[in-house]
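Report on the following structure.
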Amino acid sequence: MKRVVVGLSGGVDSSVTAHLLKEQGFEVIGLFMKNWHDDSVTISNECPWLEDSNDAMIVAEKLGIPFQVVDLSEQYKERIVDYMFAEYEKGRTPNPDVLCNREIKFDVFMDIALKLGADYVATGHYCRKAEEIIDGKPVYKLLAGKDNNKDQSYFLCQLSQEQLAKALFPIGELTKPEVREIAKEADLITAEKKDSQGLCFIGKVRLPEFLQQKLQPKEGNIVVIPTDNNQYTKQVPAFSSKEEELQYLATKFSYKEEDGKNVGKHQGAHYFTKGQRKGLNVGGTKEALYVIETDVNTNTIYTGEGKNHPGLYRNVLFVSNEEIHWIREDLTLNTGETMQVEARIRYRQPLEKATLYKVESGLYVAFENKQSAIQEGQFVAWYSKEELLGSGVIS
């Protein structure tokens, strides 16, 4: 009998995951990951992890499976929280959820599971896994979940072949309503529980307060850049090579305070991210202001009026060599090679046609259509049909 360790989070998805595996005849063990100790920055008064671990325990009892809480807050702080602070400090916007899957659920947690003699680790992600024998070796594929509204493959875009080999995603074939239906029929306490939002396993965190623990507030200017800034209207030069053209198109706009009008003050450029609309608190403009660039060196926020402001849009981005990750290692591009893919730069974004260009120093992703708010530090993930082939950190 194969043994599976399920990350029981106290939500309906992981509850049904455990239930289905048990029905399929696996020996199931439920583990709840505790990743957080500091309640001073969580939003709700109730302590989310206590309530969640309690729900997870009740589900485990109902299913008749062993259950324990593992405290991973030490590793979580080192690998996720410290990384977030470091990225925000550089003026980049991290994606803790992607990292949490790579570093915590499928690394630290997986190690614990394997020590417990598990053959697999299962999570309640809406995605699927497939296997194909290529050149005599099994190759694992990460596929989108059946529920288009809930496909979570993007969050797993940094997994490796070794991690996928040991992963199971039992609810990937189901839609959210079907999952709730199964939970109801199995009489699981989490059937009606609403989905948690916020950092993986931390509960809702107030980001500015969270960041303020490390990054001191410091007042700076909010500058509005007009839509006719010469960078948007200048003639595109002639290029001697495709790579030169891609490099030009991937270069972000750069601004100085004198390029626009100073319209207000903010408490720290590192609290803001490109494409952000909330929290600027500047009135008197026809359309809402959007952050089009932040400069953490001069502590300036550059904004544009309206969500169609040209400063928000680019169609080429770059990933440096050390940040390129192929799930399908067998498809890795060599310098000079290209690949037609569909890609997204954030969760929930519909897939967009793009071309990958591998160059000496990294990888260019050229989208057919311009993308809004390409943000350094976020992940771009590329697909072929339903399969996620690889990903990288936008530089």
Side-chain angles (χ1 to χ4, degrees), residues 2-33 52 55-56 58-65 67 97-98 100-101 105-106 109-110 113 118-132 140-157 159 163-198 200-201 327 342 344 347-351 381 383-388:
K2 295 265 190 200
R3 180 177 290 176
V4 188
V5 168
V6 177
L8 278 183
S9 65
V12 65
D13 297 333
S14 63
S15 305
V16 170
T17 297
H19 166 71
L20 291 173
L21 289 167
K22 201 164 173 229
E23 292 214 310
Q24 288 161 24
F26 287 99
E27 180 198 344
V28 182
I29 298 172
L31 290 189
F32 177 87
M33 291 176 245
D52 289 341
D55 288 346
I58 294 168
V59 166
E61 266 172 25
K62 176 85 188 165
L63 296 174
I65 60 174
F67 173 77
D97 291 311
V98 170
C100 183
N101 284 315
K105 290 182 203 166
F106 289 94
F109 184 71
M110 195 170 251
D119 299 287
Y120 298 105
V121 163
T123 60
H125 282 102
Y126 286 85
C127 61
R128 292 170 298 149
K129 172 176 133 177
E131 192 181 327
E132 190 184 329
Y140 298 98
K141 303 178 178 187
L142 177 65
L143 309 178
K146 271 278 193 298
D147 186 337
N148 288 335
N149 292 320
K150 286 296 286 183
D151 166 37
Q152 290 173 321
S153 56
Y154 176 79
F155 289 131
L156 301 173
C157 69
L159 294 192
Q163 289 170 318
L164 266 180
K166 301 231 174 279
L168 294 178
F169 309 113
I171 63 169
E173 298 287 342
L174 303 169
T175 62
K176 187 73 186 209
E178 289 171 325
V179 167
R180 288 205 184 277
E181 197 46 49
I182 291 171
K184 264 219 262 322
E185 280 165 25
D187 194 22
L188 301 176
I189 175 178
T190 52
E192 303 292 329
K193 188 171 174 180
K194 53 184 229 313
D195 290 354
S196 70
Q197 295 293 321
C200 89
F201 286 100
I327 291 181
E342 291 186 296
R344 55 168 57 108
Y347 173 53
R348 282 251 178 265
Q349 179 195 24
L351 287 171
Y383 292 72
S384 166
K385 303 201 171 67
E386 320 181 89
E387 184 184 358
L388 201 165

So which heavy atom on Lys22 is nearest to which on Leu63, and how close? NZ-O, 2.8 Å
For Lys176 and Lys150, indicate whether the former's side chain and the latter's backbone hold a donor-acceptor pair under 3.5 Å. no
Heavy-atom pair of closest approach, residues Ser14 and Gly11: OG-O, 3.6 Å
Please name the pair of heavy atoms, one in Gly145 and one in Asp151, separated by the smallest distance, quoted to 0.1 Å. N-OD1, 3.1 Å
Rounded distance (nearest 0.5 Å) linking atom CD of Gln152 with atom CG of Asp13: 6.5 Å
Where do Leu388 and Leu156 land on the side chain to side chain contact (heavy atoms under 4.5 Å, CB included) test, with the steps shown first? CA-CA 9 Å; Leu388 201 165; Leu156 301 173; over 6 Å; no
Please find the pair of heavy atoms, one from Ala56 and one from Phe67, that lie closest to each other, and give the distance. CB-CE1, 3.7 Å
Donor-acceptor contact below 3.5 Å, side chain Lys105 vs main chain Thr123: no
Main-chain N/O of Leu174 paired with Asp147 side-chain donor or acceptor, under 3.5 Å: no
Would you mind reporting whether Val59 and Ile189 have side-chain heavy atoms less than 4.5 Å apart? yes
Once rounded to the nearest 0.5 Å, what's the spacing between atom NE2 of His19 and atom CD1 of Ile65? 11.5 Å
Approximate separation, where rounding is to 0.5 Å, of Ser9 OG and Leu31 CG: 12.5 Å
Side-chain donor-acceptor contact under 3.5 Å, Ser384 with Glu387: no
Within this structure, what is the CD-NZ distance for the pair Glu131 and Lys141, rounded to the nearest 0.5 Å? 10.5 Å
How many angstroms lie between CG in Leu142 and CG in Leu159, if you round to the nearest 0.5 Å? 6.5 Å
Is there a side-chain contact between Leu164 and Ile327, using heavy atoms and a 4.5 Å cut-off? yes
Report the relative orientation of the aromatic rings in Phe26 and Tyr120; use parallel for angles under 30°, tilted for 30 to 60°, perpendicular for over 60°. perpendicular
I'd like to know if the side chain of Arg180 and the backbone of Thr175 have a donor-acceptor N/O pair within less than 3.5 Å. no
Side chain to side chain contact (heavy atoms under 4.5 Å, CB included) between Lys184 and Glu192, intermediate numbers included: CA-CA 8 Å; Lys184 264 219 262 322; Glu192 303 292 329; 3.3 Å; yes
Asn149 backbone acceptor or donor facing Arg348 side chain under 3.5 Å: yes
Closest non-hydrogen atom pair between Thr190 and Ser15, with its separation: OG1-OG, 2.8 Å
Checking Arg344 against Tyr383 for the side chain to side chain contact (heavy atoms under 4.5 Å, CB included) test, could you report, in this order, the C-alpha distance in whole Å, the side-chain angles of both residues, the deciding distance, and whether it holds? CA-CA 9 Å; Arg344 55 168 57 108; Tyr383 292 72; 2.8 Å; yes
How far does CG of Leu188 sit from NZ of Lys62, to the nearest 0.5 angstrom? 7.5 Å
For a quick test of reading the model, state the closest non-hydrogen atom pair linking Ala18 to Val6 and the distance between them. CA-CG2, 4.1 Å
Can you classify the ring geometry of Tyr347 versus Phe155 as parallel (below 30°), tilted (30 to 60°) or perpendicular (above 60°)? tilted
Is the shortest side-chain heavy-atom distance between Lys385 and Glu342 below 4.5 Å? no
So, the side chain of Lys146 versus the backbone of Tyr126: is there a donor-acceptor pair under 3.5 Å, distance only? no
